[in-house]
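Data block below; observations after.
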Amino acid sequence: MNAGSAISFPHRHLLGIEGLLPPQIEAILDLGDKYVEQSRRVDKKSNLLSGLTVINLFFENSTRTRTSFEAAAKRLDADVINMSVSTSSIKKGETLIDTAMTLNAMHPDVLVVRHSDSGAVQLLAEKMRGAVVNAGDGRHEHPTQALLDALTIRRRVGRLSNLTVAICGDIAHSRVARSNMQLLQIMGARVRVIAPPTLLPAAIDRLGVEVFTDMREGLRDVDIVMMLRLQLERMQGSFVPSVREYFRFFGLDREKLAYAKPDALIMHPGPMNRGVEIDSDLADDIDRSLIRDQVEMGVAIRMAVLDILTKSLRTEAGTTL
Amino acid sequence: MNAEGRTAYLNARLLDPASGLDVTGALLVEDGRIADFGPNLFRSGAPSVNEVVDCGGKCLAPGLIDARVQLREPGDEHKETIASASAAASKGGVTTMLALPNTEPPVDDVSVLEFVARRAREIKKTKIQSYAALTKNLAGAEITEIGLLSEAGAVAFTDGERALANAKVLKRALSYARTFDALIVQHPEEPTLAEGGEANQGELASRLGLRGIPTLAETLQVERDIRLLESSGGRLHFSHVSSASALEVIRAAKARGLDVTCDTAPPYFALNELAISEYRTFAKVTPPLRAEEDRQAVVAAIADGTIDIVASDHSPHDQDSKRQTFEQAAFGMVGLETLLALTLGLYHAGHISLIDALGRMTWAPAKRFKLTGGRLKRGAPADLVLFDPDKPWQIDEDRLVSKSKNTAFGGRPVQGAVIRTVVDGRTLYDAEDG
């Protein structure tokens with residue numbers, strides 16, 4: 001399917017990868033390709049979302065993701081409002097539902113939300129009149145990350161099916177891992193996860209992935225290596241004993257990468273801890289690392305998501321909400 | 001004796017789990033006490049009384065004793081009060097509530113215990129027996145005045161929804177409590193394993209990105225506490241047991257003759273963890289709802305008597321505490337008004353007899369907590385429930401009379417409806433009055 005054909009995307013919100021079907025994912029990726037081209041032009045702007053309001057509501061700090069969404073919305077000519085709310089200030093006072101009610105009064109067409117609690121974005125979506133995009137909720141999902149990763153892989157390798165992808169690192173606390181495990185499997189890739197047992201979620205074997213605690217074994221013959229960020233506070237004895245021990249056994253370096261296919265590619269959702277989960281010169285190796293591509297695809301995929309979620313809205317343009 | 005204060009209940013199916021009585025007959029209440037009952041009472045003639053209740057063949061049984069209720073008064077009266085909990089209890093057929101000490105301030109001192117008792121006397125509805133805190137300020141470090149609190153009427157000692165984790169403190173508490181024959185009630189959850197958790201550890205929690213509480217936390221606490229009990233003596237009770245593995249440990253301890261008992265609550269036999277799908281915070285309870293295998297084990301343990309008592313585990317929370325993200329939402333579910341019907345569900349499903357199901361909510365708690373009610377006995381207080389065990393209805397959270405409506409059972413069809421609830425001979429609830 002190419003970007004010009006009719007796209008059936010029956011979801012009002014994008015809350016997660018769970019529940020998406022292969023053609024729906026393809027549709028977003030196809031649109032993503034189109035927006036990569038648009039973003040590479042000198043004049044990057046189109047007026048698809050003229051007159052629409054996008055609110056970026058971030059309860060958790062994230063300069064990268066917020067900026068990426070902001071760039072995407074602006075390239076489509078939406079009015080963008082950025083709201084950063086520190087979770088602590090609302091903890092005892094205003095509830096999420098109060099926040100939703102307040103925002104509804106501003107008539108946002110799209111609400112992009114990041115929150116530190118799993119399920120928070122779904123809770124907001126139940127109360128919002130506009131479309132809601134999950135920009136990361138707790139340990140649950142980060143669907144635009146998985147979509148941009150898929151677009152990155154598809155553009156470089158040409159397909160997602162029948163690839164073997166290893167996701168390495170802090171699987172237990174990672175929404176990126178959860179969304180990617182699902183998307184890659186939906187699209188026909190084989191997924192492995194590699195981590196020490198303390199960083200694997202319970203019942204991981206029930207999620208359709210192959211589990212490895214030995215990184216060399218896990219990397220054997222894989223096509224793609226996805227590294228995850230490990231929060232520094234988890235490496236001081238609570239989940240792993242130390243940074244140097246973690247890097248030794250679970251950090252990606254050339255020696256371990258040699259177990260993967262000779263042309264295996266490296267990905268990382270950022271921000272990277274160089275020397276903790278990934279060797280610095282590997283991260284910068286343009287033949288192997290897709291990390292910079294991922295950032296570029298991020299903007300394009302978010303344009304695609306804004307496009308697809310506002311489609312019905314734009315066709316009924318002029319009607320009052 | 002004139003007719004004043006005399007009520008006759010005719011044409012009743014008399015059920016008394018304590019004696020196994022299940023017979024059609026009549027019961028006479030005089031001055032708030034059960035004066036007489038049996039198949040032959042009033043056979044020969046109409047009684048001289050001021051009120052006759054025709055039970056229409058429905059069940060007349062001892063009023064329910066709910067062994068685990070959070071009243072929220074003092075401290076959180078916007079969630080529940082002694083008065084609103086009493087109204088809910090009466091509607092649910094509960095005539096005695098055992099109130100947890102985790103109020104604000106907590107019941108860790110004779111004066112707070114007496115405050116609750118005084119309020120209950122003023123309101124004069126459902127009978128209330130207070131637990132006292134096992135440790136001061138429920139902090140798990142120093143034991144409360146178990147002797148003085150027992151004298152003042154504390155029915156048992158517990159830190160409520162917190163486990164007493166410190167092995168040394170629990171061991172001393174168990175030994176010390178022997179002096180007063182006091183019962184210690186433990187929330188079975190090893191706190192370091194449960195720390196930060198919000199849902200049963202397993203596939204569902206992993207998919208939802210929720211932090212897991214393993215059944216191991218429960219089993220380990222139960223296992224350890226039983227060793228302490230074995231070493232120090234005393235009387236120990238585990239509340240709201242939720243897992244197959246902990247039940248196995250308790251079953252084995254009972255077989256060894258230890259003085260240990262336990263209870264559970266309807267969420268643990270009428271729901272499993274799937275109730276939290278879509279992040280339904282109304283199903284967030286402590287301990288968390290478990291896997292289907294655990295639910296089945298709880299049902300089996302109620303049937304075989306490993307679980308002695310079924311309590312409502314009534315934990316009222318207002319909308320603001322529940323309309324939150326799953327992580328921030330409070331733990332707990334209301335239960336006073338649904339205890340009877342949900343427990344009768346086990347009878348209707350063929351897991352347990354009617355009289356045994358009733359016994360888990362009447363005679364068993366009376367025995368364990370040394371209360372006078374819970375049975376049909378001449379001279380005993382006339383705390384009674386008249387109910388239709390078969391009548392179908394649908395749980396509707398909006399029709400709960402509790403101040404809080406946090407139930408995950410909304411919409412569920414059940415069987416078993418309270419017709420009348422009587423405390424000390426006074427009718428506190430009559431279904432015909434609405």
Side-chain angles (χ1 to χ4, degrees), chain A residues 15-19 59-60 87-88 90-101 113-127 134 136-143 171-179 181-182 193 199-209 211 238, chain B residues 76 78 104 192-219 243 245 272-284 288-294 317-331 406 408:
Chain A
L15 301 179
I17 297 300
E18 192 186 2
F59 292 92
E60 213 180 50
T87 323
S88 59
I90 62 152
K91 212 151 205 166
K92 282 289 163 204
E94 191 178 65
T95 66
L96 256 189
I97 289 165
D98 294 333
T99 309
M101 295 309 167
V113 189
R114 166 164 292 191
H115 197 286
S116 55
D117 293 353
S118 301
V121 180
Q122 182 176 325
L123 180 65
L124 259 176
E126 284 163 15
K127 308 290 166 190
N134 183 356
D137 65 321
R139 302 145 185 233
H140 178 224
E141 284 233 42
H142 190 357
I171 314 288
H173 303 98
S174 175
R175 53 196 172 213
V176 175
R178 274 180 187 65
S179 287
M181 284 191 275
Q182 296 190 74
V193 297
L199 294 176
L200 288 169
I204 177 77
D205 51 312
R206 305 285 292 271
L207 304 184
V209 297
V211 182
S238 51
Chain B
D76 283 302
H78 59 293
E104 185 55 50
T192 62
L193 284 177
E195 191 180 358
E198 52 217 357
N200 185 42
Q201 188 173 83
E203 181 183 351
L204 181 70
S206 289
R207 283 184 188 278
L208 292 171
L210 296 176
R211 291 167 301 179
I213 299 173
T215 52
L216 180 64
E218 181 168 297
T219 313
S243 67
S245 49
N272 64 27
E273 61 183 345
L274 294 176
I276 69 160
S277 306
E278 308 284 307
Y279 302 99
R280 287 200 61 205
T281 58
F282 279 27
K284 181 181 177 184
L289 297 177
R290 303 290 189 188
E292 175 59 14
E293 306 87 84
D294 290 304
H317 284 293
D318 58 356
Q319 299 281 327
D320 283 354
S321 310
K322 280 293 194 180
R323 300 248 184 245
Q324 295 277 2
T325 62
F326 203 85
E327 183 177 332
Q328 284 171 29
F331 286 101
N406 54 309

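Residue numbering restarts at 1 for every chain, and letters A, B, ... go by the order of the sequence lines.
In terms of heavy atoms, B:S206 sits closest to A:A202 at OG-O, 2.5 Å. Residue A:R206 comes nearest to B:R207 through the heavy atom pair O-NH2, 3.3 Å, listed as atom of the first residue, atom of the second, then distance.
How far CD of B:E278 is from CD of A:E126: 7.5 Å, rounded to the nearest 0.5 Å. Rounded to the nearest 0.5 angstrom, A:D137 CG and B:Y279 OH are separated by 5.5 Å.
For chain A, no part of B:E198 is nearby; none of its heavy atoms comes within less than 4.5 Å. Contacts between A:R178 and chain B at a heavy-atom distance below 4.5 Å involve the side chain alone, from C-beta outward. Interface remark: A:L123 contributes side-chain atoms only to the contact with chain B (heavy atom separation under 4.5 Å).
No side-chain heavy atom of B:F326 sits less than 4.5 Å from a side-chain heavy atom of A:S118. Under the 4.5 Å side-chain criterion, counting only non-hydrogen atoms from C-beta, B:Q324 is not in contact with A:L96.
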